[in-house]
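Here is the structure we will look at, set down as structure tokens.
Labels below follow one simple rule: chain letters A, B, ... track the order of the sequence lines, proteins then strands, and each chain is numbered from 1.
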Amino acid sequence: MNNTTPTPEKKDFIREIVAEDNRTGRYGGRVVTRFPPEPNGFLHIGHAKSISLNFGVAEENGGVCHLRFDDTNPETEDMSYVESIQRDIRWLGFDWGEHLYFASDYFEQFYAFAVRLIEAGRAYVDSLSEEEIRVYRGTVTEPGRNSPYRERSVEENLELFRRMRAGEFPDGAHVLRAKIDMASPNMKMRDPLLYRIRHASHYRRGDEWCIYPMYDFAHPLEDAIENVTHSLCTLEFENNRAVYDWLLDSLFDEPRPHQYEFARLALDYTVMSKRKLLQLVNEGYVSGWDDPRMFTISGLRRRGVTPEAIRTFVERVGVAKVNSRVETVLLEHTIRDDLNYRARRVMAVLDPLKVVISNYPAGAEEWLDADYWPRDIPREGTRKVPFGRTIYIEREDFAEEPPRGFKRLSPGQEVRLRHSYVIKCEEVIRDELGRVLELRCTYDPTTLGARPRGRKVKGAIHWVSAEHALPAEVRLYDRLFARANPDDTSEGKTFKDYLNPNSLITLDRAFVEPSIAADPTDTRYQFERQGYFIQDAVDSRPEALVFNRIIGLRDTWTKRAEPAPQAGASRPVDPAGMVVEGTRSEARDRARAENPPLQAAYERYRTEFGLEEQDADLLSGDLTTAAFFDAALAAHNNPKSLANWINNVLQGEIKDATIASLPFGGAEFGKLVALVDAKTISHNQGKQVLAEMLANGGDPETIVAAKGMKQISDADALAPIIDQIMADNAGKVSAYRNGKIGLLGFFMGQVMRQTGGKANPQLVKTLLEEKLSA
RNA sequence: UGGGGGAUCGUAUAAUUGGCAGUACGGGUGACUCUGGAUCACUUAGUCGGGGUUCGAAUCCCUGUCCCCCAGCCA
């Protein structure tokens, strides 16, 4: 393990794009991102993902990330949200420096851009009613219709727009719209609204404006004004990108900002939409935005989760384009992992059971040394813990009839009191109902800091001194919802129907060891064997302590005692497939039906050349492809081989381009395939030549000659190369011989790489198999 | 139904861009233990289905299926 190869950092697709832009110098090495919240709600853990991405990408590339409040809707926004959002981002540990911006500061610029658009004939004032606009927009399957106001003159539009700003019209009388395409299959492109009239006070601009820009107009401009390079947003804005590009291409030159979309974070057993969170708050299902059961940043903070844990979590989730729901256990794991190293251990009894140590002198007490940290945590520190004749232990740490494997206290049995003595249960005292009231135990004075002689004590339990312990209220939190996806309302219910009635359990007779009185009130603890706790920042007072459980410890004991149902869900079963006409194959069928020569070509390919149905279909779908194929055939009379190369290799290489736009013709292509078929060059080399032809055109034979390409089909030439590779990878050779035959691909790859793809693969394979099994 | 996205162990996410399907969480088993925590070891389990190209396919081609988004004067 001497070599610490700097493993190339694994990048998500966004970071890949940024790295590529840096490589090509698209923005001259600049990287500017932005986090653009609307100040109309509190930040939640989903935002933390976006914040971490935006600030992270900027920082990793020596760039900056702007905090920009996207405050273009006066009706829902508020200064208190601006403050809470800034507080939350800072708390998470991110810094926007001087780059704090407000969309509402750009209103004058937005107006000027709108005027420019009107002057360019790319925007118009529409005077249709809200309802009419909806009708004119059409549906996803029917195109929209142009508004009768669409062709107003530039002068009229300018005048109307000026008067809109001047406040001459009531709400809804007019809107400004982009003039794009009412028939666009992308609904967002059907003349999106740019401005609406709203006589409302804005929390920052007051009554200065009565027209407000819409998202599709404001957002790209904000990005452009701030010289943002990479505008990262969530998947639901994919369709809006067309408007984004249209607008910026109308108004700016490259390099201008570009938008990329990633999947928002969804977490099991909770909801993430601001609207639903607000509903929970307003309707009293939770105590507020900062209720510790909420996955808002403020809720998590009050709960006691650290910013580091949240950041680790969102980093572990990753960034991709798949809609996904992350399991809560991942979050819980990162929280525990974080707290394990930072939370000092103390003892608290949540559900007390009185224990009297009958052989311990009445009135006596000892202050025992107890480490704050277990041996595996490299931190120092101890405190004194009082011990006396009467203590409390956890009720569930005693069992009159212990189940198999029980390692705690039961009648006649011994248990270790953590940091203290070994005690033995001698007697159980009950009330008249038979409920266990208290235990009488004896202690072994020789067991303080020492193992008992001649016997083994299996378990250790926590406890507190009855005389010294501090009473406390303890709040146990559980998932807010009883269902993994509360948003799934397929059963005709609402998300509120899935609230978990036991999401908060309050224990008001708990006891905590006295040492905590000396600690700062925001100290995070592990109550040994229970979980991680912190004083509630809102409700806890020195004389009336209140603790929040941040997260419980992993518990492999109760899990074993009552095995939970397997978490895995069964995979969805595909219903019997319905026959739907595939659009592309349908287009080819139609082309042949309308075009007799194509149909004839198809027949010829099938009967004369004996091509498979699929190959013939693909080649006779349009005239250019058929002509290309025929031209290739003239140069190389091997229909099957040509069909393979056109349909599989060529189509894969040209991506979005078409055969018509190729810098070479069918004849050249035919010659290329001929070279491969003649085994002059290998299949791989053939693809290399094709790439060259695609890039610069040219004749395959010339390229092959110029590059000195020739397939190596000589075993004597290949053997030393193979031997060398096997010598260099002795470990893999033995792994192969031990049955890991998948490594053959690895060796093939090495040989092909070494030979620049020249080696005859069939031959290499034979040779390799021979040598490897030798 | 039009358009835009997407599909890899139970979950999330990788795969040198055609060459060893890896990592983490979860689950299981065991070791250790004055926390039934932590740690360690082992283990479990996957390329949406069907065809094709290739020596070799998660990756390329064809085809089918399923999921998400879009018809706010919200963002």
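- Taking atom CZ of A:Arg451 as the reference point, atom P of B:rC32 lies 11 Å away to the nearest angstrom.
- Side-chain atoms of A:Glu142 stay outside donor-acceptor range of the base of B:rU1, with no qualifying N/O pair under 3.5 Å.
- In this structure, A:Lys321 is not positioned above the aromatic face of A:Phe262 in the sense of NZ or CZ being under 6.0 Å from the six-membered ring centre and within 45° of the axis.
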Base, backbone or nothing for each nucleotide of nucleotides 70-75 of chain B, written B, S, -, heavy atoms under 4.0 angstrom, 5' to 3'? BBSBSB

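- For the side chain to side chain donor-acceptor pair (under 3.5 Å) test, residues two or more places apart in sequence or in another chain that qualify with A:Glu261 are A:Arg241, A:Gln259.
- Atom NZ of A:Lys11 is separated from atom C1' of B:rA14 by 14 Å (rounded to the nearest Å).
- Residue side chain A:Arg345 reaches the base of B:rU35 through a donor-acceptor N/O pair under 3.5 Å, judged by distance alone.
- Donor-acceptor pairing under 3.5 Å, judged by distance alone, is absent between the side chain of A:Lys765 and the base of B:rG56.
- For A:Asn323 against B:rG6, a side-chain-to-base donor-acceptor contact under 3.5 Å is absent.
- Taking a cutoff of 4.0 Å between a charged side-chain nitrogen and a carboxylate oxygen, A:Lys276 and A:Asp487 qualify as a salt bridge.
- Under the 6.0 Å distance and 45° angle rule, A:Arg345 does not count as a cation-pi partner of A:Tyr372.
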Protein-to-nucleotide contact annotation, 5' to 3' order, nucleotides 19-25 of chain B [B base; S sugar-phosphate only; - none; under 4.0 Å, heavy atom]: BB---SS

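- Whole-Å rounding puts the A:Glu613 CD to B:rC61 C1' distance at 16 Å.
- Taking the nucleotide of RNA chain B with the nearest heavy atom to each of A:Arg416 and A:Lys321, the more 5' of the two is matched to A:Lys321.
- No option in A:Phe169, A:Phe217, A:Tyr212 other than A:Phe217 meets the ring-ring contact (aromatic ring centres under 6.0 Å, His included) test with A:Tyr195.
- B:rG37 atom C1' lies 9 Å from atom CG of A:Asp376, rounded to whole Å.
- Annotation: ring pair (Phe, Tyr, Trp, His ring centres under 6.0 Å) contacts of A:Phe69 (sequence neighbours excluded): A:Phe102.
- No contact: A:Gly531 has no heavy atom under 4.0 Å from any strand.
- Nucleotides B:rC25 and B:rC66 are separated by 26 Å at their C1' atoms, to the nearest Å.
- A salt bridge links A:Arg68 with A:Asp223: the distance from a Lys NZ or Arg NE/NH1/NH2 to an Asp or Glu carboxylate oxygen falls below 4.0 Å.
- Consecutive Watson-Crick or G-U pairs involving RNA chain B, each under 3.5 Å on both distances, make up stems of three or more pairs at B:2-7 with B:65-70, B:10-13 with B:22-25, B:26-31 with B:39-44, B:48-52 with B:60-64.
- Syn is the classification of B:rG72, since its glycosidic angle stays within 90° of 0.
- Looking only at atom types and distance, the side chain of A:Thr328 has no donor-acceptor partner in the side chain of A:Asp268 under 3.5 Å away.
- For the pair A:Glu414 (side chain) and A:Ile423 (backbone), a donor-acceptor distance under 3.5 Å is absent.
- A:Arg264 places its CZ atom 16 Å from the P atom of B:rA12, with the value rounded to the nearest Å.
- Between A:Asp397 and A:Arg529 there is a salt bridge, since at least one side-chain N of the basic residue sits less than 4.0 Å from a carboxylate O of the acidic one.
- For B:rG72 and B:rA15, the C1' atoms lie 42 Å apart once the distance is rounded to whole Å.
- Two residues are said to be in side-chain contact when any heavy atoms from C-beta on lie closer than 4.5 Å; A:Arg588 and A:Ser620 fail this criterion.
- In this structure A:Glu236 satisfies the side chain to side chain donor-acceptor pair (under 3.5 Å) test together with A:Thr234, A:Arg264, sequence neighbours excluded.
- With its glycosidic angle within 90° of 0, B:rU17 adopts the syn conformation.
- Residue contacts shown for A:Glu528 include a base, since a base heavy atom lies under 4.0 Å away.
- Taking 4.0 angstrom as the limit, A:Arg588 places a side-chain polar atom (N or O) nearer than this to OP1 or OP2 of B:rU63.
- Here the C1' atom of nucleotide B:rG37 and the CG atom of A:Asp397 are 14 Å apart, to the nearest Å.
- The distance from atom CZ of A:Arg375 to atom C1' of B:rA38 is 8 Å, rounded to the nearest whole Å.
- If you measure from atom CZ of A:Arg325 to atom P of B:rA7, you get 19 Å, rounded to the nearest angstrom.
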